[in-house]
Amino acid sequence: SNSVSLVDEPDLYLHPPQAYSLAKLMAENNPNGQLVLATHSARFVQGLVEAAEDRLQLIRLERSKNSSSVHVADTSVFQRIKDDPVLKFTSIVEGLFYKSSVICEDANDCLLYRYAVEKVGRRGLDDETLWLSASGKYNFSKMIRTSMALSVRPVCVADFDLISQK
């Protein structure tokens, strides 16, 4: 039967591996029905992507002081995330729960730039920003495209040698 289920934060109080498993289970056991879910868990979203990326519609709500906005993610992004190890095993999906993401060439660059931002007193940027390692400069473009497809504003911090690359 074609059913509709509304569930608010089914992953609440679950450990990340349990949230991932629950999302997969919910998606796999409801192939003809519609699930409307609210979550704050990247691992829950990753479980949905793993089990049902071809049926997934992700709507991201973003609130600021006096307004809210709605962003609908490009559904093709989920297949790209599932098929690409860099996208699948970074925390790029976690960006859904931040205002922006900073993408650096590697983890050490993330540490350096994040520390510098903290030292100059830009705490608001640090609190609402996800710092991601691209695992190499050649992954910048796909990380940026993926962030944008998820409606997350990316900022790219690259070394000067990127300019000399073709």
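Under a 4.5 Å side-chain heavy-atom cut-off, the cluster of Ile, Leu, Val, Met, Phe, Trp and Tyr residues that includes L25 has no other member.
Hydrophobic clustering (ILVMFWY, side-chain heavy atoms < 4.5 Å, transitive): M148 and M143 are in one cluster. Grouping the Ile, Leu, Val, Met, Phe, Trp and Tyr side chains by contacts below 4.5 angstrom, directly or via other members, places L22 with V7. No continuous path of hydrophobic side-chain contacts links L14 to Y20 [ILVMFWY only; heavy atoms under 4.5 Å].
Of all heavy-atom pairs between K142 and T146, the closest is O-OG1, 2.7 Å. Between F140 and A158, the closest heavy-atom pair is CE1-CB, 3.7 Å. Heavy-atom minimum distance, I103 versus P154: CD1-CB, 4.0 Å. V86 and T90 get closest at one heavy-atom pair: O-CG2, 2.7 Å. Here the shortest heavy-atom pairing between D11 and A38 reads OD1-O, 4.5 Å.
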All N/O donor-acceptor pairs, side-chain side in residues 44-60, below 3.5 Å, sequence neighbours left out:
unit_1 : atom_1 : unit_2 : atom_2 : d
Q46    : OE1    : R43    : NH1    : 3.0
E50    : OE1    : K88    : NZ     : 3.4
E53    : OE1    : K82    : NZ     : 3.0
R55    : NH1    : N30    : O      : 3.3
R55    : NH2    : A27    : O      : 2.8
R60    : NE     : L96    : O      : 2.7
R60    : NH1    : E62    : OE1    : 3.4
R60    : NH1    : S151   : O      : 2.6
R60    : NH2    : Y98    : O      : 2.5

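Between the E94 side chain and the S91 main chain, no donor and acceptor come within less than 3.5 Å of each other.
With rounding to the nearest 0.5 Å, the separation of CG in L87 from CD1 in I92 is 5.5 Å. S135 contributes atom OG, which lies 8.0 Å from atom CG of D106 (distance to the nearest 0.5 angstrom). Taking CZ from F89 and CG from D84, the interatomic distance works out to 10.0 Å, rounded to the nearest 0.5 Å. Once rounded to the nearest 0.5 Å, the distance linking NE2 of H15 with OG of S41 reads 12.5 Å.
Inter-residue side-chain proximity for T39 and E9 is flagged as unmet; no heavy-atom pair is nearer than 4.5 Å. In this structure, the side chains of V120 and Y115 stay at 4.5 Å or more apart for every pair of heavy atoms. By the 4.5 Å heavy-atom criterion applied to side chains, R153 and V155 are counted as neighbours. With contacts defined as side-chain heavy-atom distances shorter than 4.5 Å, the pair C104/S133 does not qualify.
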Practice problem: Please assess L37 against M26 for the test side-chain contact (heavy atoms from CB on, under 4.5 Å), listing each intermediate value before the final yes or no. | Solution: CA-CA 10 Å; L37 305 161; M26 290 177 79; 3.7 Å; yes
Checklist entry - Can you list the steps and then say if C110 with L132 is a side-chain contact (heavy atoms from CB on, under 4.5 Å)? => result CA-CA 7 Å; C110 286; L132 296 167; 5.6 Å; no
Practice task
Run the numbers on V77 and L150 for side-chain contact (heavy atoms from CB on, under 4.5 Å), then give the verdict.
Solution key: CA-CA 7 Å; V77 73; L150 292 171; 3.9 Å; yes
For this session: Apply side-chain contact (heavy atoms from CB on, under 4.5 Å) to the pair V93 and F78, showing each step before the final yes or no.
Result: CA-CA 10 Å; V93 172; F78 300 115; over 6 Å; no
